[in-house]
Amino acid sequence: MITLNHYLVLASALFIIGFAGVVLRRNMLIILMSIELMLNAVNVSLVGFSRIYADLDGQVSAFFIIVLAAAEAAVGLAIVVLVFRRKGSVQSTELRELKDAVDAP
Amino acid sequence: MTGLEISFYLFAAGAVLSAIGVISAKNPIYSALSLVVTLFSLAGIFVLLRADFLAILQIFTYAGAILVLFIFIIMLLNLQPDELEETGYGLLGKVLLGLGSLAVFASLVFVVSRTQWTAATLPPDFGSITSVGKRMFSVYVVPFEIAGLLLTVALVGAVVLAKRRLGDPER
């Protein structure tokens, strides 16, 4: 018998995997994909609750999250292209202009 | 095991394993291909949850549009193997962060397993394009229009950010 708890555990697992990707990886492309994973995990739990309560609001919210993910991917990838042009690298560790403010007057 | 259980465990295992592949692959192109498997498995999960329209949308938008965008950018950047070397945490930091993530996961599972939900009975057209569309264009019509505006803004923003200015190779 598959209950809502199964779907919520799946959503938690996907969210945590995405979170681990964001904190462990340094490649900005993979960080963006991990964010997509987290958004998808939220979608699973929204659709699961929509199924349990027989209410379509959860599915409509999941639709809006998909729209948001598309916008986020477009702008995020444009920023990755810009960073690559400036730095010649897609590692997030290259972006440290604001670090070491000790030298500032 | 019923067919529902078999398909749930199949899709769930596919989603979780390929999600692990997304964050552990060294080359982003393998990450993107693993992400395709995750998204298709989640589309199957959506079908099991009676969200047929959302499952189709998941395949169209995620696997069809967003992933193609990712793969285009990866091929456009044409990263060389030495540019993929990551200077991140040491082994100790990785182990600590992994254990921390596992602790958060364990607490989430604990919270989820403490509660029981009873499923409501569903109308026969639950999750169809007609029912979701009616809800979207009545109750949620203003957020729907704002979502269209958001997409337009993101489109213009992406073009303005990524285009090269004439006579300025740095930008």
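The chains referred to below are lettered A, B, ... by the order of the sequence lines, with proteins before strands, and numbering in each begins at 1.
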Residues passing the salt bridge (charged side-chain N to carboxylate O under 4.0 Å, His left out) test with A:R51, sequence neighbours excluded, are none

With heavy-atom distances below 4.5 Å as the criterion, would you say the side chains of [X] and [Y] are in contact?
| X | Y | answer |
| --- | --- | --- |
| A:F15 | B:F105 | no |
| A:D55 | B:F126 | no |
| B:L48 | A:Y7 | yes |
| B:L77 | A:L29 | yes |

Rounded to the nearest 0.5 Å, the CG atom of B:L97 sits from the CZ atom of A:F19 at a distance of 7.5 Å

The interface call for A:I30 against chain B, heavy-atom contacts under 4.5 Å, is side chain

Checklist entry - Do A:V81 and B:V159 share a hydrophobic cluster (ILVMFWY, side-chain heavy atoms under 4.5 Å, transitive)? => result no

Residues 57-72 of chain A vs side chain to side chain donor-acceptor pair (under 3.5 Å), sequence neighbours excluded, gives A:D57-B:R135, A:D57-B:Y140

| task | Establish, from distance only, whether the side-chain atoms of B:Q58 and A:N40 form a donor-acceptor pair under 3.5 Å. | result | yes

* Quick one: sort the B:F53 and A:F63 rings into parallel, tilted or perpendicular, breaks at 30° and 60°. => parallel

**Asked** Taking the side chain from A:N5 and the backbone from B:T115, do they hold a donor-acceptor pair closer than 3.5 Å?
**Response** yes

